[in-house]
Number of protein chains: 2
Amino acid sequence: MARLGVESIRRQQLIDATLKVIEEHGFQGATIGKIAGASELSVGIVSHYFGGKQGLLEATMRYLLSSLQQDVSTLMAGRPNTPRERLMAIVDANFSGVQTHAQSAKTWLAFWTQAMHSPDLMRLQRVNERRLLSNLMFYLRPLMPADQVRTTAQTIAALIDGFWLRAAMSEGRIEPDQAIALCKTYVDQAIHANNGAS
Amino acid sequence: MARLGVESIRRQQLIDATLKVIEEHGFQGATIGKIAGASELSVGIVSHYFGGKQGLLEATMRYLLSSLQQDVSTLMAGRPNTPRERLMAIVDANFSGVQTHAQSAKTWLAFWTQAMHSPDLMRLQRVNERRLLSNLMFYLRPLMPADQVRTTAQTIAALIDGFWLRAAMSEGRIEPDQAIALCKTYVDQAIHANNGAS
DNA sequence: CAATATATTGAACAAGTATTCAATGACGGA
DNA sequence: TCCGTCATTGAATACTTGTTCAATATATTG
């Protein structure tokens, strides 16, 4: 019991420190030494709990992805069970991270970049992307002709990613509220445009 | 004359090699050694012509940005001078790179990430972003109420970035034609939705 | 062709990093 | 209290990378 308790505490400690260091120094500047310093632990412990730096980075991305997934679930639970409201909840959830931590967009971008050259991270990324897409498609289906569902979902997903990028670029002066509003405007536009044409 | 000729040839040689190495090994794996090898020159020449690695990376990003700008100009020149056609040309131009070089999206992403922690690269990125936005706004203005112009332009820009990201993620199996089609669909949707409401 | 300037090389160097592992600390049970 | 197990440390190590610069090659000029 005590063993498992310590282990999960240390792992989370290191993951938190990793996020903080990446935010501050970027992916390149995230060295074992800095991470160890930020976590107030020693450098040796990273290999002990994660097998090495790569393992820690992978665990950190896993944590980010599961946090996002949890945000989606939480926000959905508190909304009316109509397709439109669920879609809006998905949009809100995908920007909830950027609201609380202005710099987290940078971290996401860093992981995306890293994922291109790491099959493991890429696989994680794909799973997440697929989940977002099928979520969107599920709630779009009742609102428009079947042949419009996939393309609309892809457009919404691209819009979310694009605004995340902008948020990451804008160096602190992010306006996530505006991004959310524009995404939602598009969702309504898409619903009405395709609904009328069906 | 000969001096300048050699200098510009070498610079381009090194920039091309940098792009190739980043595509293949990622930003992290792009070492001076690999770049020198790919360009069939020596490691010392990088410092000689660019002052160091950072200078080479900056020049490479500058080259990418100017290539994009050139694509925009070229495509615009061959299109009818109507606002809608100019908007479509901007969309096409912003995906022309991804069509010819499937992997170039990865390189862009790498530079974006790097730019977050490098003021010089960030400045370049900002200039480019601003140009895209004001281009879009210029041609949107005749097509919709003034208060809709900025937000619509921002949405189009986000859409373009978002599809680039997706292209970068999709590991070769990109479908830029689809991304272009979806962007254009949105442009028309936005024009008609706001035009009718004005 | 010699002489001078320019272009290029790559081994040596310095700085930095991840990993390892012997030593130390912490702590519960007999 | 003492022992044995688990947790943690951090100096030592091995490796990688960017930069430098004296030496060499190449081109240009008188």
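Just so it is clear, the values below take in all heavy atoms, side chains as well, and ignore hydrogens, waters and symmetry mates. Chain letters run A, B, ... following the sequence lines, proteins first and then strands; every chain starts at 1.
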Taking only N/O atoms, report every protein-nucleotides 17-19 of chain D pair under 3.5 Å with atom names and distance.
unit_1	atom_1	unit_2	atom_2	d
D/dG18	OP1	B/K53	NZ	2.4
D/dG18	OP2	B/I32	N	2.8
D/dT19	OP2	B/K53	N	2.9

Between the protein and nucleotides 24-28 of chain C, which nitrogen or oxygen pairs come in under 3.5 angstrom?
none

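Rounding to whole angstrom units, CD1 of residue B/I45 and P of C/dT9 are separated by 5 Å. Rounding to whole angstrom units, CD1 of residue B/I35 and P of C/dG10 are separated by 17 Å. Between the NE2 atom of B/H48 and the P atom of D/dA25 there is a distance of 18 Å, rounded to whole Å. Between A/H25 atom NE2 and C/dG16 atom P the separation is 13 Å, expressed in whole Å. Here D/dT8 presents its C1' atom at 12 Å from CD of A/Q13, a figure rounded to the nearest Å. The distance from atom CG of B/L41 to atom C1' of C/dA7 is 11 Å, rounded to the nearest whole Å. As a whole-Å value, the separation of A/L56 CG from C/dT19 C1' is 14 Å.
Between the side chain of B/S118 and the backbone N or O of B/Q114 there is no donor-acceptor pair closer than 3.5 Å. A side-chain donor-acceptor contact under 3.5 Å links B/S39 to the backbone of B/A36. With B/K34 contributing its side chain and B/G29 its backbone, the two residues share a donor-acceptor pair below 3.5 Å.
Here the options are B/I191, B/L140, B/L143, the test is side chain to side chain contact (heavy atoms under 4.5 Å, CB included), and the partner is B/P83; only B/L143 passes.
B/R10 has a side-chain polar atom (N or O) that falls below the 4.0 Å cut-off from OP1 or OP2 of C/dT8. Proximity of A/Y49 to the phosphate of D/dT8: a side-chain N or O atom is located under 4.0 Å from OP1 or OP2.
There is a side-chain donor-acceptor pair under 3.5 Å between B/D16 and B/Q12. Checked by atom type, the side-chain pair A/E40/A/Q13 shows no donor-acceptor distance below 3.5 Å.
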**Request:** Could you go through the ring-ring contact (aromatic ring centres under 6.0 Å, His included) check for B/F27 and B/F111 one step at a time?
**Result:** CA-CA 8 Å; B/F27 204 88; B/F111 274 108; 5.7 Å; yes
**Request:** Report the C-alpha separation of B/E24 and B/K20 in whole Å, then their side-chain angles, then the decisive distance to 0.1 Å, and conclude whether the salt bridge (Lys or Arg N to Asp or Glu O under 4.0 Å) test is met.
**Result:** CA-CA 6 Å; B/E24 194 168 345; B/K20 196 201 286 189; over 6 Å; no
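Both cation-pi conditions hold for B/R11 and B/F50: the charged atom is under 6.0 angstrom from the six-membered ring centre and inside a 45 degree cone around its axis.
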